[in-house]
Amino acid sequence: GAGVVCEMFVMPKVYETLQKRGFVHQISHQDLPGRLEGESLVLYTGFDPTADSLHLGHLVPVLLMRHLQQAGHRPLAVVGGATGMVGDPSGRSEERNLLSAEQVAHNKAAIRVQLERFLDFSGAAAATMLDNFDWISPMSFIDWLRDVGKHMTINVMLAKDSVKGRMESEQGISFTEFSYMTMQAYDFLHLYRHHGCVLQCGGSDQWGNITAGIDLIRRVESGKAAGLTVPLITTASGQKFGKSAGNAIWLDAKRTSPFQFYQYFVRTEDADVDRFLKLFTFLTLEEIEPIVAEHQQQPHLRLAQKRLAAEITSLVHGPEGLKRAEAATEALFGGDLSQLSEADLLEIFADVPSASFAASRLDAGISPIDLLAESGVCKSKGEARRMLDQGAVYLNNQRCEPAAAIDRSALAGRSVLVVRLGKKNYHLLHAE
């Protein structure tokens with residue numbers, strides 16, 4: 001909804017907006033929508049510090065927190081320093097590796113920097129980052145059994161899907177992982193007591209852990225806490241969202257470049273683009289409608305995908321990152337290569353066939369026919385001559401004349417030649 005948010009006023013209709021945008025999978029209490037509109041709530045989401053970057057799979061809960069914060073609610077981001085040393089069985093078929101304290105500290109700092117792009121850590125509804133190691137590590141095993149274990153019944157824990165699935169598998173489930181649920185439940189209790197936190201948000205695979213915490217707060221404090229889960233996103237073709245060729249798409253530019261990030265969204269299937277614009281951008285629903293309508297008239301132009309990619313890349317990598325991604329994309333489709341560094345070129349053309357040739361061949365100038373034949377871009381000198389005569393050969397996206405002599409000045413970057421045959425057939429040649 002429109003209107004400026006005053007200090008502690010909560011924006012109306014926030015739940016309805018979240019639902020329309022596809023953020024709500026399940027809620028624990030029917031009165032949660034009313035609570036979200038009537039008061040300012042403290043909510044939390046947990047993040048596993050298993051890597052020094054979040055990936056696209058984390059984006060839905062993070063953007064949910066941002067929507068709720070913009071509506072006047074206060075988000076806590078809890079990094080599982082303690083739980084990261086134990087491992088969560090939800091959605092996993094085998095036990096994960098345990099992290100050292102140094103790894104957790106390093107990962108935590110990196111995640112904090114990423115969250116600052118999405119959440120405001122100042123102001124009336126300031127976000128706070130916490131680490132459950134701070135309150136779990138001082139407790140002894142005896143404390144744990146008396147203060148936490150006593151309130152949790154095994155039959156309820158066994159009935160949770162995350163545990164049931166693992167008990168039926170051949171690996172089974174270790175006692176350590178079985179106790180994971182008690183840790184997450186205790187986090188919620190601790191945050192309820194010390195931060196007034198009454199709402200936990202997370203992926204739909206966290207439902208068992210979230211409801212365990214709600215039950216614990218009810219038993220120990222007679223308190224009323226709630227849970228909201230976001231759907232785990234899959235693409236229309238059934239692939240896990242945020243995985244590209246078997247790799248996760250990371251939010252860290254060093255792990256996944258802005259160009260690869262941008263390309264991932266440009267390749268969104270038509271069937272997904274409306275849903276992804278609602279989830280992954282802050283365009284209003286009124287703004288999204290015409291974009292999708294225009295897209296349906298001319299899907300081949302991929303206008304909706306380009307808008308989606310631009311919005312989310314700018315959100316995650318800033319306007320600078322978006323500029324780089326767009327320049328790289330243009331290069332891939334015949335644009336100017338002169339502004340790009342060698343590293344950019346190697347990355348943009350990482351997936352095209354590459355070959356090397358002797359750099360000394362450039363000293364006296366090599367004919368295009370020899371270059372194409374010797375590097376194997378064309379099967380023979382005859383084929384190379386035919387392509388050149390048709391005007392179908394481009395060097396660094398400039399058309400190559402049959403009589404040209406190619407010397408070192410033709411290189412893009414320090415040692416690369418980008419050869420294109422026809423419209424799309426790229427080859428990368430390295431002068432060695």
Side-chain angles (χ1 to χ4, degrees), residues 14-28 32-33 36 43-51 53-71 73 75-80 88 90-92 111 114-120 127 129 162 184 199-210 226-244 247-252 256 261-262 264-265 267-269 271-285 288 305 308-309 311-317:
V14 56
Y15 180 79
E16 195 183 314
T17 306
L18 288 172
Q19 225 176 359
K20 283 183 182 155
R21 295 188 85 107
F23 278 95
V24 182
H25 179 74
Q26 217 172 347
I27 55 172
S28 60
L32 180 62
L36 282 169
L43 60 117
Y44 103 90
T45 303
F47 298 93
D48 218 353
T50 38
S53 171
L54 301 172
H55 53 70
L56 278 189
H58 296 110
L59 215 43
V60 177
V62 171
L63 295 175
L64 171 80
M65 291 168 87
R66 177 170 170 146
H67 277 289
L68 289 168
Q69 184 179 39
Q70 286 179 340
H73 302 289
L76 308 174
V78 176
V79 176
D88 173 9
S90 304
R92 296 196 166 258
I111 290 171
Q114 290 185 337
L115 287 174
E116 284 172 356
R117 293 179 209 163
F118 303 96
L119 303 174
D120 189 351
M129 192 161 182
S162 54
Q184 192 166 329
L199 174 63
Q200 185 182 166
C201 306
S204 55
D205 60 342
Q206 293 297 313
W207 185 248
N209 294 332
I210 292 173
L228 184 163
T229 58
V230 295
L232 294 181
I233 308 297
T234 49
T235 65
S237 59
Q239 271 189 307
K240 207 169 170 186
F241 170 77
K243 294 271 192 284
S244 176
N247 299 318
I249 305 285
W250 298 91
L251 303 192
D252 182 337
T256 301
F261 186 89
Y262 179 88
Y264 177 81
F265 282 98
R267 289 194 294 265
T268 300
E269 296 170 60
D272 289 322
V273 76
D274 178 41
R275 187 164 54 113
F276 287 2
L277 278 164
K278 289 173 182 159
L279 281 168
F280 298 113
T281 78
F282 283 85
L283 297 168
T284 65
L285 294 168
I288 291 170
Q305 280 91 339
L308 167 68
E311 292 283 335
I312 184 70
T313 306
S314 176
L315 190 66
V316 171
H317 293 293

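What's counted below: heavy atoms across the whole structure, side chains too, no hydrogens, waters or symmetry copies. Quick caveat, the model's predicted, so the values are computed rather than measured.
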For this session: Enter the distance from Y264:OH to Q305:CD here, rounded to the nearest 0.5 Å.
Result: 12.5 Å
Exercise. Between H55 (side chain) and G242 (backbone), is there a donor-acceptor pair under 3.5 Å?
Worked result: no
Exercise. Can you name the nearest heavy-atom pair linking A127 to L119, along with the distance?
Worked result: CB-CB, 4.0 Å
Problem set entry | T256 versus F261, closest heavy-atom pair with distance | CG2-N, 3.9 Å
For this session: Can you measure from CZ (F282) to CD (E311) and round to the nearest 0.5 angstrom?
Result: 10.5 Å
Problem set entry | Heavy-atom side-chain proximity of F276 to I233 below 4.5 angstrom | yes
For this session: Rounded to the nearest 0.5 Å, what's the gap from CD on Q114 to CG on L59? Could you check?
Result: 10.0 Å
For this session: Taking all heavy atoms of M129 and all of V79, pick out the closest pair and write down the distance.
Result: CE-CG2, 2.9 Å
Exercise. Would you say F265 and I249 make side-chain contact, with heavy atoms under 4.5 Å?
Worked result: no
Exercise. A51 and I111: which non-hydrogen atoms are nearest, and at how many Å?
Worked result: O-CD1, 3.9 Å
For this session: Working to the nearest 0.5 Å, report the span between CZ of R21 and CG of L277.
Result: 9.0 Å
Problem set entry | Inter-residue atom distance C201.SG - L76.CG, 0.5 Å rounding | 10.5 Å
For this session: Please test L43 against L228 for side chain to side chain contact (heavy atoms under 4.5 Å, CB included), starting from the C-alpha separation and ending with a verdict.
Result: CA-CA 10 Å; L43 60 117; L228 184 163; over 6 Å; no
Exercise. If you measure only the distance, is there a donor-acceptor pair under 3.5 Å linking the side chains of Q26 and S204?
Worked result: no
Exercise. At what distance, to the nearest 0.5 angstrom, does CG of L54 lie from CZ of F118?
Worked result: 8.0 Å
Exercise. What's the verdict on side chain to side chain contact (heavy atoms under 4.5 Å, CB included) for D272 and F241, showing C-alpha distance, side-chain angles and the deciding distance?
Worked result: CA-CA 11 Å; D272 289 322; F241 170 77; over 6 Å; no
Pairs of donor and acceptor atoms involving the side chains of residues 60-69, under 3.5 Å and at least two apart or interchain, shall be tabulated with distances.
unit_1, atom_1, unit_2, atom_2, d
Q69, OE1, D120, N, 2.9
Q69, NE2, D120, O, 2.7
Q69, NE2, A125, O, 2.8

Problem set entry | pair T281-L315: side-chain heavy atoms closer than 4.5 Å | no
Exercise. Can you find a side-chain donor-acceptor pair between Q206 and Q200 that sits under 3.5 Å?
Worked result: no
Exercise. What pair of heavy atoms forms the shortest contact from H317 to L251, and how long is it?
Worked result: CE1-O, 3.4 Å
For this session: Search all heavy atoms of A77 against all heavy atoms of L115 and return the closest pair with its distance.
Result: CB-CD1, 3.6 Å
